Amino acid sequence: MKSCIKIYTKIIILLTIFIHTISLAAIDPYVFERPQDELRFQQLSAELRCPKCQNQNIADSNAPLSKDLKDRVYSMINDGRSDSEIMNFMVERYGDFVTYRPPIRPLTYILWFGPFIFGFLIILVIIVLRKKANKLSKHQPSISPLTANELKALNDLLK
């Protein structure tokens with residue numbers, strides 16, 4: 001019994017070490033001189049979308065391009081660039097897609113107003129279909145119950 005406990009203890013210790021080393025490998029060490037810079041880095045990384053990933057910000061992405069973007073943001077913050085300069089650089093290089101809040105201009109109208117127009121059209125279609133269904137239900141003949149003779153004839157057919 002004691003040998004089983006020793007084996008289980010060793011397995012648990014090995015699994016703990018293994019899981020701990022995996023979690024350490026995923027951390028990118030970005031060292032900042034000021035805590036404000038680290039906060040800016042985190043905010044910018046959360047606001048910038050990875051151009052390669054499906055709707056994932058660069059902070060959460062493991063793609064090589066995302067790593068490059070984080071490195072670029074890190075170096076630009078250490079160079080003393082402002083948040084707007086960093087965002088402008090990223091938009092110039094990767095387009096409006098790189099931000100979660102693209103500016104409102106003719107090229108991005110569909111992004112800003114498309115969901116509202118689509119929702120309005122769906123509501124309009126539902127209203128039209130309901131009106132048609134109401135008109136059809138009013139024009140259908142009413143169904144009356146079977147008479148005794150009809151019910152007898154139906155039973156004879158079913159037998």
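What you see is a predicted model, and the numbers here were worked out from it, not measured in a lab.
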List the residues meeting salt bridge (Lys or Arg N to Asp or Glu O under 4.0 Å) with Asp96, not counting sequence neighbours, and say none if there are none. Arg105
Which pairs with one or both residues in residues 108-121 pass side chain to side chain donor-acceptor pair (under 3.5 Å), sequence neighbours excluded? none
Sub-4.5 Å side-chain heavy-atom contact between Val91 and Thr99: yes
ILVMFWY network linking Val73 to Leu39, side-chain heavy atoms under 4.5 angstrom: no
Which atom of Lys52 lies closest to which atom of Ala63, heavy atoms considered: CD-CB, 4.5 Å
Got a sec, which residues hit side chain to side chain donor-acceptor pair (under 3.5 Å) with Asn55, two or more places apart in sequence or on another chain? Arg49
Please identify each residue that fulfils side chain to side chain donor-acceptor pair (under 3.5 Å) with Asp83, with sequence neighbours left out. Arg40
Partner set under side chain to side chain donor-acceptor pair (under 3.5 Å) for Asn78, not counting sequence neighbours: Tyr74
What pairs with Arg130 under salt bridge (Lys or Arg N to Asp or Glu O under 4.0 Å), at least two apart in sequence or on another chain? none
Reported CD1-to-CG distance for the pair Ile77 and Leu44, which is rounded to 0.5 angstrom: 5.5 Å
So for atom CG, which belongs to Leu146, do other residues, nucleotides or ligands contribute more than 12 heavy atoms lying within a distance under 6.0 Å? yes
What's the spacing between Asp79 CG and Glu85 CD if we round to 0.5 Å? 10.0 Å
Residue pairs involving residues 114-137 (criterion ring pair (Phe, Tyr, Trp, His ring centres under 6.0 Å); sequence neighbours excluded): none
Over all atoms of both residues, closest heavy-atom pair of Ser45 and Asn57: O-CB, 3.5 Å
With sequence neighbours excluded, what pairs up with Arg101 under the side chain to side chain contact (heavy atoms under 4.5 Å, CB included) test? Glu47
With distance as the sole test, does Asn88 use its side chain to make a donor-acceptor pair with the main-chain N or O of Ser84 at under 3.5 Å? yes
Spacing of Asp71 atom CG and Ser66 atom OG [to the nearest 0.5 Å]: 9.5 Å
Pairwise side-chain contact, Leu69 with Pro51, heavy-atom cut-off 4.5 Å (strictly under): yes
Among pairs that include at least one residue of residues 81-103, which meet ring pair (Phe, Tyr, Trp, His ring centres under 6.0 Å), considering only residues two or more places apart or in two chains? none
What is the distance from atom CG of Leu129 to atom CG of Asn134, rounded to the nearest 0.5 Å? 11.0 Å
Should Met87 and Val98 count as side-chain neighbours, where that means a heavy-atom distance under 4.5 Å? no
What side chain to side chain donor-acceptor pair (under 3.5 Å) pairs are there with at least one residue in residues 149-159, not counting sequence neighbours? Thr147-Glu150
If you group Ile, Leu, Val, Met, Phe, Trp and Tyr whenever their side-chain heavy atoms sit less than 4.5 Å apart, what else falls in with Ile127? Ile123
Could you pull out all residues at least two apart from Asp37 that satisfy side chain to side chain donor-acceptor pair (under 3.5 Å)? Arg34
Less than 4.5 Å apart, any side-chain heavy atom of Leu65 and any of Ile58? no
Taking all atoms of both residues into account, what is the closest heavy-atom pair of Lys70 and Ala59, and its distance? NZ-O, 4.1 Å
Reported CD-to-OH distance for the pair Gln42 and Tyr30, which is rounded to 0.5 angstrom: 12.0 Å
